[in-house]
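Read the structure below first, then the notes.
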Amino acid sequence: MNANSKMYIKNMKGEQKMRKVIVLAGLIAVLGIVISANASTTTAWTGAEDNAWQNDNNWTNGAPPQNPPSPYSSWYANIGKDSAGNPGLAIISDQAWAAYVQVGGTYGANGAAELRLEAGDYTVDFYRKTYDDLGYLMVGKFADATTAGTVNQYGGNLTLGYYSTAKKDISLSIGGGGLGYYTIYGGSIYAKGYLNLGRGGGTGYFTIVGSGASSIKANGFNMSSTSTLTFKINGDGNIGITTIEIVDDYFDGDVSFAGTDNIIVDISAGGPFASSYTLMTWTGSESGTPSLVLPDNWTWNSDTWQTDNKIVVTVPEPTTLVLVLIGMGTYLGITRKKRRLS
């Protein structure tokens, strides 16, 4: 065997060893990805020091990081009663993240609880950043008033899966198997999945207060027969209402209604009022029929809502009311005059 042949064989053996090293490195990398994708941390609320979500000492395993960690691991944040046995109160006032969040009656953190999003311009993103991109915010897990979940949103931009790419149901479930309350005064909501009022036998109460919220959007809407949707139209300079927009960015934008007298228009705050208000719009198909409770003389597009793809309420015109009163006054005056002449 000449020198060139020996050199060729030596190079071949070297290349084979290198291929083995590359393959082994690839397997290690894949294994690392799988392990990191499956890694998770569950942390339960204690409120041991204060009400701040970002305070590590308020959680059994520390606070979820403000952004998805690297290497990635999922975080389950369960908010129930605090360490003293009282209803828990967790307050978010800055950027926050978690994969799965349960408020009230949660696994490992039983008891009633409130999650509060304070006023301000910041992002709260709940979703699992992996190959399957799941996640949720579940408000109320068990059907018991002592374990009810409550969210009060005064600000912040709540997103569920907005930055993920997979077509997955990353939802906001109010009454996710239990009793849940969600009231929005300000900020915004975007759910890549569905907005669910009542799910898995749960009961949800969703209240929109005026037009303080900049937007409320989801890619589908489900409402159980025991749940309630309330639009509180405010006077005193805030006379509008924020419309719920069901879009088709990821899903078909379908809506499903159930129950009787469970979509309520509340004008107890007083006027003045606009001529009409759009409560909800959608882009997909409908199932069930919405059932509205309206103030006296208010109407809604009950005959055309399916073709309109929206629910609109109409306010009686003030001029109509004035004419009615004038007509009544004229009638009473004529009646009195006839009585005097007779």
Side-chain angles (χ1 to χ4, degrees), residues 92 115-126 137 139 150-162 171-175 180-197 204-223 227-249 253-257 262-284 286 290 292-295 298 300-301 305 308-315:
I92 297 177
L115 174 63
R116 184 183 302 167
L117 277 63
E118 293 283 39
D121 186 12
Y122 55 91
T123 298
V124 179
D125 198 22
F126 294 150
L137 169 57
V139 186
T150 300
V151 175
N152 286 306
Q153 183 177 356
Y154 298 91
N157 303 300
L158 174 64
T159 67
L160 291 107
Y162 183 78
S171 297
L172 168 57
S173 293
I174 306 169
Y181 301 87
Y182 197 119
T183 303
I184 182 167
Y185 302 87
S188 67
I189 296 173
Y190 181 91
K192 180 179 176 181
Y194 277 66
L195 169 58
N196 298 307
L197 303 189
Y205 295 86
F206 187 30
T207 301
I208 301 167
V209 180
S211 57
S214 58
S215 66
I216 302 171
K217 295 182 179 181
N219 281 260
F221 176 82
N222 289 317
M223 185 176 189
S227 297
T228 300
L229 173 60
T230 300
F231 296 87
K232 297 189 72 171
I233 299 176
N234 277 355
D236 194 21
N238 184 20
I239 62 173
I241 196 72
T242 303
T243 302
I244 297 177
E245 300 174 70
I246 306 303
V247 296
D248 56 1
D249 297 341
D254 297 340
V255 295
S256 177
F257 302 96
N262 57 353
I263 300 179
I264 300 171
V265 174
D266 181 348
I267 59 170
S268 59
F273 301 110
S275 59
S276 64
Y277 297 98
T278 300
L279 305 184
M280 182 184 293
T281 64
W282 56 90
T283 57
E286 313 85 4
L292 275 68
V293 178
L294 299 176
W298 288 44
W300 72 287
N301 57 328
W305 68 277
D308 294 341
N309 276 26
K310 59 185 176 181
I311 298 175
V312 179
V313 295
T314 302
V315 182

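What you see is a predicted model; the values in this text were computed from it and never measured. One is the number of the first residue; the rest follow in order along the sequence.
Summarising the geometry of Ala269 relative to Ile233, their closest heavy-atom pair is CB-O, 4.0 Å, with the distance given to 0.1 Å. Residues Gly284 and Asp254 come closest through the heavy atom pair CA-OD1, 3.4 Å. Here the closest non-hydrogen pair linking Leu117 and Tyr122 is C-OH, 3.4 Å. Annotation for Ile241 and Ser211: closest pair N-CB, 3.8 Å, computed over non-hydrogen atoms. The two residues Lys310 and Asn301 make their nearest non-hydrogen contact at O-ND2, 3.1 Å. Residues Leu137 and Leu160 come closest through the heavy atom pair N-CD2, 3.4 Å.
Remark: Phe231 engages no residue in a ring-ring contact (aromatic ring centres under 6.0 Å, His included) (not counting sequence neighbours).
Of the possible polar contacts, none joining the Glu118 side chain to the Gly155 backbone as a donor-acceptor pair under 3.5 Å is found. In this structure a side-chain-to-backbone donor-acceptor pair under 3.5 Å is present from Ser171 to Tyr194. Checking side-chain atoms of Thr314 against main-chain N and O of Trp300 turns up no donor-acceptor pair under 3.5 Å. When atom types are taken as modelled, the side chain of Ser227 and the backbone of Gly204 share a donor-acceptor pair closer than 3.5 angstrom.
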field: Check against side-chain contact (heavy atoms from CB on, under 4.5 Å), Val313 and Val315
entry: CA-CA 7 Å; Val313 295; Val315 182; 5.8 Å; no

Criterion side-chain contact (heavy atoms from CB on, under 4.5 Å) on Asn157 and Tyr190, from CA distance to verdict: CA-CA 8 Å; Asn157 303 300; Tyr190 181 91; over 6 Å; no

- request: Could you give me the CA-CA distance, side-chain angles and deciding distance for Leu158 and Val151, then say whether side-chain contact (heavy atoms from CB on, under 4.5 Å) is met?
  value: CA-CA 12 Å; Leu158 174 64; Val151 175; over 6 Å; no

Intermediate values then yes/no, side-chain contact (heavy atoms from CB on, under 4.5 Å), Asn309 and Val255: CA-CA 10 Å; Asn309 276 26; Val255 295; over 6 Å; no

task: Show your working on side-chain hydrogen bond (donor to acceptor under 3.5 Å, both in side chains) between Asp249 and Asn219 and close with a plain yes or no.
output: CA-CA 7 Å; Asp249 297 341; Asn219 281 260; 4.7 Å; no

- request: Could you go through the side-chain hydrogen bond (donor to acceptor under 3.5 Å, both in side chains) check for Ser268 and Asp266 one step at a time?
  value: CA-CA 6 Å; Ser268 59; Asp266 181 348; 2.7 Å; yes

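In this pair, Trp305 and Trp282 present their aromatic rings perpendicular. The plane angle is above 60°, beyond the 30 to 60° band.
Of the residues Tyr205, Phe257, Phe206, Tyr182, the one that meets the side-chain contact (heavy atoms from CB on, under 4.5 Å) test with Leu197 is Phe206. Screening Leu229, Val265, Val312, Thr243 against Leu279 for a side-chain contact (heavy atoms from CB on, under 4.5 Å) leaves a single residue, Val265.
The distance from atom CD of Glu245 to atom CD1 of Ile216, rounded to the nearest 0.5 Å, is 9.0 Å.
The closest side-chain heavy-atom distance from Gln153 to Ile189 is below 4.5 Å.
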